[in-house]
Amino acid sequence: MAVTIEDLYRSYGVLADAKAETLSQHKDAYQVILDGVKGGPKEKRLAAQFIPKFFCSFPELADAAINAQLDLCEDEDVSIRRQAIKELPRFATGENILRVADILTQLLQTDDTAEFNQVNAALISIFKIDAKGTLGGLFSQILQGEDIVRERAIKFLSTKLKALPEDVMTKEVEEYVFTETKKVLEDVTGEEFVLLMRVVSGLRVLQTVNGRQQLVELVVEQAFLEQALNPADPDTVDRLLQCTRQALPLFSKNVHSTRFVTYFCEHVLPNLSSLTSPVAELDIQLEVLKLLAEMSPFCGDMEKLEANLNMLFTKLLEYMPLPPEEVENGENSASEEPKLQFSYVECLLFSFHQLGKKLPDFLLDKVDADHLKDFKIKLQYFARGLQVYIRQLRVALQGKTGDALKTEENKIKVVALKITNNINVLIKDLFHNPPSYKSTVTLSWKPVQKTEAVAPKRPSSEEIGSGGSTQKQMPTLPRRDARQIYNPPSGKYSAAIGNFTYERGGFRGGRGRGFGARGNRSRGRIY
């Protein structure tokens with residue numbers, strides 16, 4: 001015979017009126033409440049509230065009570081499901097915490113927004129009861145659950161953990177998170193890797209030099225820096241880009257980028273022109289050069305410093321054109337003027353300048369005379385072009401402030417001015433005799449420390465060098481009067497202002513450990 005509303009209220013009254021020491025004697029009354037899950041919508045709603053209220057008083061019926069509540073969590077009526085989910089944290093006592101966390105994690109797969117938010121709130125609630133037990137349920141599903149559950153559990157960790165207070169996320173709990181995350185990272189997609197690195201990078205226990213070094217080691221393991229790069233495989237290139245981006249914020253004067261910088265010099269730069277972009281709109285060569293430039297200030301001692309500097313020097317020569325040939329009357333030939341690829345040169349010059357500090361006599365003793373002569377000629381020609389663009393950009397931006405500088409066109413011009421000013425400063429350093437590596441610049445796509453308007457005019461910007469014996473008076477510039485104030489040719493500036501970031505949903509073609517294609521883990525309900 002089906003349980004009615006009256007039966008439920010009657011049983012509730014019996015249990016509510018009983019004294020604590022005699023409550024366990026009314027097992028039959030609690031069983032009636034458990035049977036309420038087989039009734040109609042009204043009976044189910046009452047059962048969802050009454051079952052957890054007396055749960056702790058009947059340990060022998062604990063499994064039956066949890067299973068009854070789970071039946072309500074899967075009811076067809078969304079309002080019943082929400083009520084049942086809301087009450088689930090009341091079952092999270094003692095050894096039940098792991099099971100409740102496991103259940104709630106599986107319930108993250110719901111497509112109902114209100115229900116999903118209810119599950120999130122319930123998980124946060126049991127975190128405050130037993131954080132380590134809750135994490136056990138979450139990581140159990142991440143490692144063994146269905147793909148949709150795994151995906152949402154990882155996103156939950158990446159967004160919610162950082163908001164939990166220190167009395168919840170204790171040192172022991174954070175160390176547990178790090179240990180379990182390392183297990184998950186043995187088989188992840190690219191997007192999962194990014195989210196999990198966000199989780200561990202935010203752990204307070206890892207905000208020390210030793211902690212950041214451990215995180216770098218974690219990324220190094222994923223990056224496969226011990227293997228040669230296959231430039232034709234977009235997934236291999238994508239892996240390297242994503243790993244490097246995750247490592248970048250971890251580098252400092254005490255946590256070195258040496259292994260990444262070495263890998264870029266030895267394996268990436270030689271294959272720069274043949275790199276296959278993982279994303280159609282991404283300028284893969286510029287993205288790689290930007291990453292190398294950002295890492296270079298944190299590079300430690302290198303085993304093959306001279307060889308790596310030579311590779312950077314070679315790439316600089318490739319991106320810095322020789323001036324056009326002049327005919328007998330001294331005018332330029334009719335051939336088109338070479339394009340000055342400022343964005344690429346900024347990155348390469350900055351990287352060369354940073355590593356050059358470690359071997360300051362490189363340009364004096366390690367480069368043959370012909371290459372050095374070519375380099376100086378190219379630097380001079382590039383510097384002349386810089387002055388033209390700097391003047392044009394300043395004229396175009398003169399007097400513009402506030403909203404006027406926020407238009408897409410002017411934003412590009414502001415970045416272009418930063419690029420050209422940076423290159424100008426670095427070239428001046430290299431024209432010293434001997435070459436100097438003392439100047440500091442902020443890369444054009446990086447935020448500056450202080451709010452700055454359009455870059456101020458630099459003194460002596462029409463000249464190269466500052467009195468060194470290698471300084472030469474610039475010859476008369478070729479006529480460029482016909483040029484527009486600013487019309488960036490393709491390849492000169494990056495149209496994508498700032499640091500381009502993206503996250504792909506995984507890497508095609510499994511490679512075993514790491515960003516491989518995970519197998520299907522669908523198992524259905526495993527409560």
Side-chain angles (χ1 to χ4, degrees), residues 185 190 193-194 196-198 200-202 206-229 236-272 275 284-313 315-316 344 346-360 362 422 426 437 439-447 449 498-501 514-515:
L185 284 172
F193 171 68
V194 171
L196 288 167
M197 284 303 300
R198 189 177 299 165
V200 293
S201 296
L206 295 177
Q207 301 310 307
T208 61
V209 170
N210 181 55
R212 289 196 300 274
Q213 189 62 55
Q214 289 184 66
L215 290 172
V216 169
E217 296 298 332
L218 208 58
V219 180
V220 167
E221 186 177 342
Q222 292 293 324
F224 288 173
L225 298 184
E226 74 280 1
Q227 297 182 9
L229 179 71
T236 302
V237 175
D238 195 13
R239 172 198 293 273
L240 180 62
L241 292 182
Q242 294 217 40
C243 287
T244 306
R245 288 195 193 100
Q246 295 306 308
L248 260 176
L250 304 171
F251 296 138
S252 66
K253 64 179 181 180
N254 296 314
V255 180
H256 295 155
S257 59
T258 312
R259 278 178 290 182
F260 279 91
V261 173
T262 298
Y263 190 85
F264 270 59
C265 290
E266 294 181 357
H267 297 278
V268 181
L269 290 183
N271 296 296
L272 191 61
L275 290 175
I284 186 64
Q285 295 183 35
L286 182 57
E287 179 69 5
V288 161
L289 293 178
K290 279 185 173 184
L291 291 172
L292 177 58
E294 286 192 62
M295 292 189 292
S296 58
F298 309 112
C299 184
D301 295 335
M302 303 180 85
E303 289 184 11
K304 302 176 182 178
L305 176 58
E306 183 179 334
N308 292 336
L309 265 172
N310 196 57
M311 175 52 65
L312 277 167
F313 179 76
K315 285 298 168 185
L316 258 177
Y344 301 90
E346 179 196 16
C347 298
L348 285 165
L349 259 182
F350 184 86
S351 301
F352 181 81
H353 192 267
Q354 292 296 319
L355 296 190
K357 294 176 183 178
K358 302 177 182 300
L359 191 61
F362 176 78
N422 283 348
L426 297 174
Y437 299 93
S439 295
T440 59
V441 298
T442 300
L443 291 164
S444 59
W445 62 92
K446 300 291 287 181
Q449 296 299 318
N499 211 0
F500 181 92
T501 59
F515 295 164

Any [X] side-chain heavy atom under 4.5 Å of [Y] side chain:
| X | Y | value |
| --- | --- | --- |
| Leu248 | Phe298 | no |
| Leu240 | Phe224 | no |
| Phe260 | Leu292 | no |
| Glu287 | Arg245 | yes |

Query - Residues in side-chain hydrogen bond (donor to acceptor under 3.5 Å, both in side chains) contact with Arg212, at least two apart in sequence or another chain - result: none
**Report entry** Non-neighbouring partners of Gln214 that pass side-chain hydrogen bond (donor to acceptor under 3.5 Å, both in side chains), sequence neighbours left out
**Finding:**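 Gln214 satisfies side-chain hydrogen bond (donor to acceptor under 3.5 Å, both in side chains) with no other residue.
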Report task. Inspect the surroundings of CD in Gln207 and state if more than 12 heavy atoms from other residues, nucleotides or ligands are less than 6.0 Å away. Result -> yes
Query - Heavy atoms of other groups near Lys357 NZ, more than 12 under 6.0 Å - result: yes
Query raised in the report: Would the His353 and Tyr437 ring centres measure less than 6.0 Å apart?
Result: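 Here the rings of Tyr437 and His353 have centres that are less than 6.0 Å from each other.
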Requested in this report: Go through the steps to decide whether Leu355 and Leu359 satisfy the test side-chain contact (heavy atoms from CB on, under 4.5 Å), and finish with yes or no.
Outcome: CA-CA 7 Å; Leu355 296 190; Leu359 191 61; over 6 Å; no
Query raised in the report: Going by atom types only, do Gln242 and Gln246 share a side-chain donor-acceptor pair under 3.5 Å?
Result: no
Report task. Give the minimum heavy-atom separation between Cys265 and Asn308, together with the two atoms involved. Result ->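 The answer is CB-OD1, 3.5 Å.
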**Report entry** Any donor-acceptor N/O pair, Asn422 side chain to Thr442 backbone, under 3.5 Å
**Finding:** yes
Query raised in the report: Do NZ/NE/NH1/NH2 and the carboxylate oxygens of Arg259 and Glu217 come within less than 4.0 Å?
Result: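 A salt bridge links Arg259 with Glu217.
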Query - Separation between CZ of Phe264 and CG of Leu269, rounded to the nearest 0.5 Å - result: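 Between atom CZ of Phe264 and atom CG of Leu269 there are 8.5 Å.
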